[in-house]
Protein chains: 2
Amino acid sequence: MSAGRIPPQDGFHMSPEAFRYYGRAVVDWIADYYARVESYPVLSQVAPGEVYRSLPPEPPEHGEGFEAILADIDRLILPGITHWQSPNFFAFFPANTSGPSILGELLAGGLGVQGMLWATSPACTELETRVLDWLIEMLGLPLRFRSDGPGGGVIQDSASSATLCALLAARGRATDPRCSDQGSDGRLVCYASTEAHSSIEKAVRIAGLGRHGLCRIAVDERFAMRPDALAERIAQDRAQGLLPFFVCATIGTTSSNAIDPLPAIGEVCREAGLWLHVDAAMSGTAAICPEYRYLHAGMALAHSYCFNPHKWMFTNFDCDCFYVADRSALIESLSVLPDYLRNRASESGAVFDYRDWQVPLGRRFRALKLWFVIRHYGIEGLRHHIRRHVELAQEFARWVADSTRFELCITPPLNLVCFRHRAGDAFNRELLDRLNGGGRLYLTHTILRNRYTLRLCVGQTYTESRHVQAAWQTIQETAAQLERQRMILGAPRGNRTPNC
Amino acid sequence: MSAGRIPPQDGFHMSPEAFRYYGRAVVDWIADYYARVESYPVLSQVAPGEVYRSLPPEPPEHGEGFEAILADIDRLILPGITHWQSPNFFAFFPANTSGPSILGELLAGGLGVQGMLWATSPACTELETRVLDWLIEMLGLPLRFRSDGPGGGVIQDSASSATLCALLAARGRATDPRCSDQGSDGRLVCYASTEAHSSIEKAVRIAGLGRHGLCRIAVDERFAMRPDALAERIAQDRAQGLLPFFVCATIGTTSSNAIDPLPAIGEVCREAGLWLHVDAAMSGTAAICPEYRYLHAGMALAHSYCFNPHKWMFTNFDCDCFYVADRSALIESLSVLPDYLRNRASESGAVFDYRDWQVPLGRRFRALKLWFVIRHYGIEGLRHHIRRHVELAQEFARWVADSTRFELCITPPLNLVCFRHRAGDAFNRELLDRLNGGGRLYLTHTILRNRYTLRLCVGQTYTESRHVQAAWQTIQETAAQLERQRMILGAPRGNRTPNC
């Protein structure tokens with residue numbers, strides 16, 4: 001196509017014909033990939049440095065044909081892929097996707113607009129505003145988050161960024177929109193449960209709140225934040241001259257899918273005048289089903305909220321939906337307006353410039369993929385698949401509960417099952433290594449009540465009953481093998497801790 | 001496809017056949033879009049709220065066919081698009097893209113991997129590491145930024161995020177990796193020129209450095225930072241008990257493409273022990289050409305650096321390449337390790353987990369598109385098109401210089417021309433409004449030496465000589481029209497300032 005020394009008329013660009021041809025090739029490659037994805041080890045089995053070393057050390061002086069590039073995907077890249085889109089992916093939380101979402105990403109890439117300001121593509125902003133308003137209805141969120149009141153929604157790359165933005169808006173409200181003269185002077189304090197996501201700690205550190213800027217609140221027997229402990233700690237901190245200003249509650253913690261009690265936490269925040277942010281990254285999606293709408297009880301008292309369609313709503317990473325009840329607090333914290341960004345539309349006050357709702361300046365047209373997904377599935381289709389995932393996880397949990405070898409660590413609220421073999425931490429650690437090394441499935445672990453715990457999350461788009469059955473079969477067989485080997489080698493091996 | 005009430009065997013998912021079929025349709029749609037892009041007004045002409053109101057107020061209960069969705073792209077979305085990929089887009093800085101980049105985005109969307117950890121897709125991390133090492137050679141950057149030494153590169157969403165990460169790493173080094181016990185106590189000070197990008201102010205605010213956390217340094221007659229003023233101010237601040245710790249120098253400012261003198265600034269930073277971050281978001285790309293390699297003179301004294309392939313290297317937004325000379329400073333500032341992310345590979349110390357190099361936890365496989373672009377064009381092809389853009393801008397600048405109506409505001413160093421009509425601010429403001437309202441091109445403005453200034457940046461992938469010629473023709477004709485009208489209406493209209 002473009003390797004000659006004498007540049008063709010239009011230089012080295014891919015011709016429209018070549019784009020059509022290779023575009024089809026990539027679409028077909030993806031369709032073929034989904035057809036054969038179960039044939040690969042779910043967790044990549046390459047060694048550190050293997051992919052890096054397989055790539056040429058020098059950049060190419062001359063252009064290459066697209067066939068060569070596509071061939072290298074199979075040859076060099078696929079062995080280094082951990083297959084998040086395999087129906088046997090049960091690790092972490094999913095980052096599921098779907099046909100309409102991939103095509104939405106493609107279209108966004110083709111349009112190549114950058115929606116930092118309303119004017120730089122009004123549709124990029126207004127489609128996002130509309131779809132995020134739709135989701136308020138779909139999830140049963142308070143109407144005050146809607147864009148036609150003082151609130152509004154925006155797509156962030158991730159819940160980490162949403163939490164950071166919420167914290168910055170809350171800090172702005174607690175001090176002064178431009179931060180206090182003294183900077184944040186080490187007296188501001190945020191609260192989250194001991195089980196809340198690591199992103200809250202990262203946000204506190206980024207915001208420069210200092211080592212004591214985050215206070216972790218104790219949880220109950222279901223790993224949910226204890227509102228009494230929260231209230232007590234806020235009072236103590238106030239008494240010591242600190243400035244409590246922000247609480248992050250979680251709907252579906254990463255370790256165990258715990259649901260913090262929003263109504264009681266909301267009351268504590270209201271009484272104490274604190275900003276309540278709700279991180280529903282994983283489990284918010286479930287509220288699309290009326291029977292899980294209870295997850296959002298108490299949301300009326302929240303100041304901000306986020307959930308991730310890129311986890312469990314068939315929408316490519318990255319797509320986190322972030323809402324604020326009072327958008328002015330967010331905008332005042334993040335808006336900086338240089339001359340070169342001034343424009344008539346922004347100054348009219350009639351538009352949203354989403355650059356002021358996020359950390360980066362630029363932004364992709366991410367609303368397209370979300371719109372495609374919602375229109376393709378409809379509320380009906382989304383509910384169907386979410387329910388199915390929960391059913392499959394609950395079925396797996398029953399098998400665990402009925403087993404003599406394994407035990408449930410907690411009754412799973414939704415689609416995450418936390419379980420362990422009864423033989424102790426070292427055994428479970430080794431079991432997990434073998435399972436993931438075997439390639440037939442991918443699980444991850446956590447620590448619950450100081451014990452090594454396996455996690456199985458059902459959320460990949462194409463996971464069906466047969467995959468969960470096969471996973472349980474593999475887990476049982478691998479455990480049985482390991483039990484036999486330990487009998488031979490002499491159990492227990494006690495403190496052997498290869499992995500932590 | 002999926003609108004029935006009785007879910008088909010595999011639920012509501014798009015079938016593989018439908019994906020292939022509609023995938024081709026979207027690829028063709030994009031190819032057609034590029035063929036007709038010049039027929040649309042470059043700047044969208046919709047009114048605030050028009051797109052929002054055109055979309056249904058209620059989310060769809062049932063799924064819809066993909067044809068309906070695609071038809072709505074033409075009907076509802078296109079009128080609200082500002083066409084960044086039009087060859088008549090001369091506004092801001094470009095966010096140019098290309099065929100191979102769009103296909104790289106598509107493939108990344110299809111694979112749907114999330115590369116937060118090395119283990120969650122080794123190829124996602126190692127391809128990125130390799131391609132970023134390539135770019136060190138391509139741009140003539142210091143070898144200490146390479147991944148095989150203490151440094152390394154990573155893709156960020158934008159230069160805003162890169163600057164924030166650099167600032168956080170520098171703060172960590174200046175205080176304590178986990179921030180000081182007191183938080184950042186209002187004594188830390190960053191420096192950037194009065195012309196540096198607004199993202200530095202946003203980063204300072206996010207990091208909670210307080211109102212006095214950023215000091216703007218005076219510029220010379222070419223809008224470049226004055227190293228003597230920097231040194232003086234650092235000494236003054238030290239004398240007042242403040243803690244200078246970070247300087248952001250710019251290679252290609254947004255207003256005027258000014259090039260800060262890195263060698264002298266680097267010396268000031270070295271002597272004072274400050275972290276030097278170089279923001280080459282726009283102009284770093286030019287260093288691929290040996291004749292512009294001088295832009296990076298002095299880089300040996302920098303601690304971090306970023307440039308944006310998503311601006312001027314034919315790679316879809318988002319793709320900022322960010323380098324640090326000492327990756328440990330960055331990682332110590334951003335790493336938080338909960339149990340659920342622990343894994344054998346990370347603990348071996350033999351891999352990069354890029355989650356610790358950025359604000360969010362999750363990350364897309366952005367290296368694919370960058371790899372596709374470099375391989376498709378080769379160094380040769382990239383140089384060809386960069387040179388061509390600079391030539392076209394320089395040609396435009398000569399037309400302006402030779403004109404009696406217009407004047408250059410500064411000799412353009414590369415591909416950004418700052419110019420104005422001699423009739424004053426109000427005239428230029430109205431001229432810009434008319435030009436952008438006419439739809440044949442899109443320009444933006446800035447303020448230079450307190451005067452309203454038009455900016456024309458040549459950087460869109462498909463901009464050729466005929467587009468720049470037509471732009472100059474349109475600008476002259478529109479100015480002539482406006483001159484005539486003002487003669488009739490009685491010039492000057494002095495302080496009429498509709499736009500600022």
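Note on naming: letters A, B, ... go to the chains in the order of the sequence lines (proteins, then strands), and numbering restarts at 1 for each one.
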Can a donor-acceptor pair be found, under 3.5 Å and without considering hydrogens, that links the side chain of [X] to the backbone of [Y]?
X        : Y        : answer
B/Arg342 : A/Thr446 : no
A/Trp29  : B/Leu107 : no
B/His385 : A/Phe12  : yes

For this session: Taking all non-hydrogen atoms of both residues into account, name the closest pair between A/Val46 and B/Trp118 and its distance.
Result: O-CH2, 3.4 Å
Exercise. Honestly, is A/Arg364 close enough over B/Phe317, meaning NZ or CZ under 6.0 Å from the six-membered ring centre and within 45° of the axis?
Worked result: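 Output no; distance or angle outside limits.
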Taking side chain as everything from C-beta outward and backbone as N, CA, C, O, which of these in [X] sits under 4.5 Å from a heavy atom of chain B? Side chain, backbone, both or neither.
X        : answer
A/Thr461 : both
A/Leu43  : side chain
A/Pro79  : neither
A/Leu168 : side chain
A/Ser160 : side chain
A/Arg388 : neither
A/Ser199 : neither
A/Glu137 : side chain
A/Asp133 : side chain
A/Glu50  : backbone
A/Ser198 : both
A/Val359 : both

Suppose we call two aromatic rings close when their centres sit under 6.0 Å apart. Are [X] and [Y] close by that rule?
X        : Y        : result
B/Tyr340 : A/His197 : yes
A/Tyr462 : B/His13  : yes
A/Phe372 : B/Phe66  : yes

Problem set entry | CZ-CZ distance between A/Arg53 and B/Arg130, expressed to the nearest 0.5 angstrom |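 If I round to the nearest 0.5 Å, the distance is 9.5 Å.
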Problem set entry | Candidate pair B/Arg375 and A/Asp72, rule salt bridge (Lys or Arg N to Asp or Glu O under 4.0 Å), full reasoning | CA-CA 11 Å; B/Arg375 291 187 65 179; A/Asp72 281 349; 2.8 Å; yes
Exercise. Is the shortest side-chain N to carboxylate O distance from B/Arg24 to A/Asp28 below 4.0 Å?
Worked result: yes
